[in-house]
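To start, the structure itself, in structure tokens.
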Amino acid sequence: MANLSFIDKQLIEDVLGMGGGYVLDFSNRTFDEFMTEVIGESIYTKYPYMSKANLLRKFIADYPDAYVGKMIVLAIKYMRSRNLVTPTNEAKVNELLSFGQSKLGRTPKTKNSEHPTPNPSVNIQIDYQELVTDLLKLDAINDTQKRGYEFEKYLNKLFGVFGLDPHASYRTDTDQIDGSFILNGNTILLEAKYRAAQLSKNDLILFENKVSRKSQFARGLFVSLSDFDENVVNYFKDRSSRIIALSVPEIYMMCSQEQDLRDVLTRKFRYLDEYGIIYRHINMLF
């Protein structure tokens, strides 16, 4: 059960417009998709025969702080995507966002910290040299299929080191997904290609289509051994894409400079949101 005061609950009710049994402008279908992104299952199956507002109240009563924080952060992201934040409610929206971030264990951004670097967990000691050594071992694997599988395992370890709650690769009825992780409350799907050949735009289009078939809140990270051709990157400009790209050379550079992966990815997604460009080299982000 989340630790919320009456005032905290009232702030959620006010910002999310729960007074009449509704939640924002969600339909039953979109609300179910939204809450599935939060809890990993249909909320209508878990709590049948309730209004959307009562479903959300039941969720808040039953789930711990981290889930409530994730719900708040995703809800405000949704509000902004739908232009539901106005001068009238902006102050309360920002107040609720800060509250949601605190429930996720993150310190809200301050005026003097436009691009804050998240601190790794105090229980995690990041060995950047080991990350480099493990990555170098992939080049010694001659079997292409095995090398690709080991690359997925390496990325799963990399995301785990930075506390991103990774999941291993899995298959749906229509897609093979190379893994996923959580970044700033969002689920990020993974596509990993460890091959020297230059990627084509079709490689990225196929992944973009995979992401678009999932929840409207899902985003994607394409990790490639080769760099990304400028013409391919430009093809995706202003397409409302939900994917970003990261190269293996950038991972080496990140480790050599002992940068936080969470900060790198957050900046890449911010660049996507601001400029509509899926790939910005790490050197140009800091």
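None of these values were measured; they are calculated from a predicted model.
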Looking at Glu150 and Arg147, does any basic side-chain N land under 4.0 Å from a carboxylate oxygen?
->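 A salt bridge is absent here (no side-chain N lies under 4.0 Å from a carboxylate O).
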SB check Glu13 Arg57 (cutoff 4.0 Å) | yes
Can you check side chain to side chain contact (heavy atoms under 4.5 Å, CB included) on Leu183 and Phe269, steps first, answer last?
-> CA-CA 10 Å; Leu183 177 70; Phe269 274 116; 3.8 Å; yes
Whether over 12 other heavy atoms sit under 6.0 Å from [X] [atom1]:
| X | atom1 | value |
| --- | --- | --- |
| Glu230 | CD | no |
| Leu136 | CG | yes |
| Tyr275 | OH | no |

Would you sort out whether Asp227 and Ser247 count as a side chain to side chain donor-acceptor pair (under 3.5 Å), showing the intermediate values?
-> CA-CA 6 Å; Asp227 283 325; Ser247 68; 3.3 Å; yes
Parallel, tilted or perpendicular: which describes the rings of Tyr279 and His281, with under 30° parallel and over 60° perpendicular?
->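 Judged by the thresholds at 30° and 60°, the geometry between Tyr279 and His281 is perpendicular.
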Applying side chain to side chain donor-acceptor pair (under 3.5 Å), run through Tyr47 and Asp62 and close with a yes or a no.
-> CA-CA 11 Å; Tyr47 304 121; Asp62 289 354; 2.6 Å; yes
Residue of the set Arg80, Arg219, Arg280, Arg267 for which salt bridge (charged side-chain N to carboxylate O under 4.0 Å, His left out) holds with Asp273 =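 Between Asp273 and the candidates, salt bridge (charged side-chain N to carboxylate O under 4.0 Å, His left out) is satisfied uniquely by Arg219.
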Are a donor atom and an acceptor atom from the side chains of [X] and [Y] found within less than 3.5 Å of each other?
| X | Y | result |
| --- | --- | --- |
| Ser98 | Gln101 | no |
| Thr266 | Asp263 | no |
| Glu208 | Ser241 | yes |
| Glu152 | Asn156 | no |
| Glu41 | Thr36 | no |
| Asp143 | Tyr149 | no |

For residues Phe217 and Arg242, report the shortest heavy-atom separation together with the two atoms involved.
-> N-NH1, 3.9 Å
Distance-minimising heavy-atom pair for Leu131 and Tyr154 |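 So the minimum-distance heavy-atom pair works out to O-OH, 3.0 Å.
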Worked verdict on Phe26 versus Tyr78 for ring-ring contact (aromatic ring centres under 6.0 Å, His included) | CA-CA 10 Å; Phe26 284 120; Tyr78 173 82; 4.3 Å; yes
Are any of the side-chain heavy atoms of Thr144 and Arg195 separated by less than 4.5 Å?
->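 SC-SC contact between Thr144 and Arg195 ruled out.
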For the pair Leu190 and Ser180, evaluate side chain to side chain contact (heavy atoms under 4.5 Å, CB included) and give the outcome as yes or no after the intermediate values.
-> CA-CA 5 Å; Leu190 174 68; Ser180 70; 5.9 Å; no
So which of Val93, Asp25, Val15 actually passes side-chain contact (heavy atoms from CB on, under 4.5 Å) with Leu84?
-> Asp25
Cation-aromatic face contact Lys52/Tyr22, 6.0 Å, 45 degrees = no
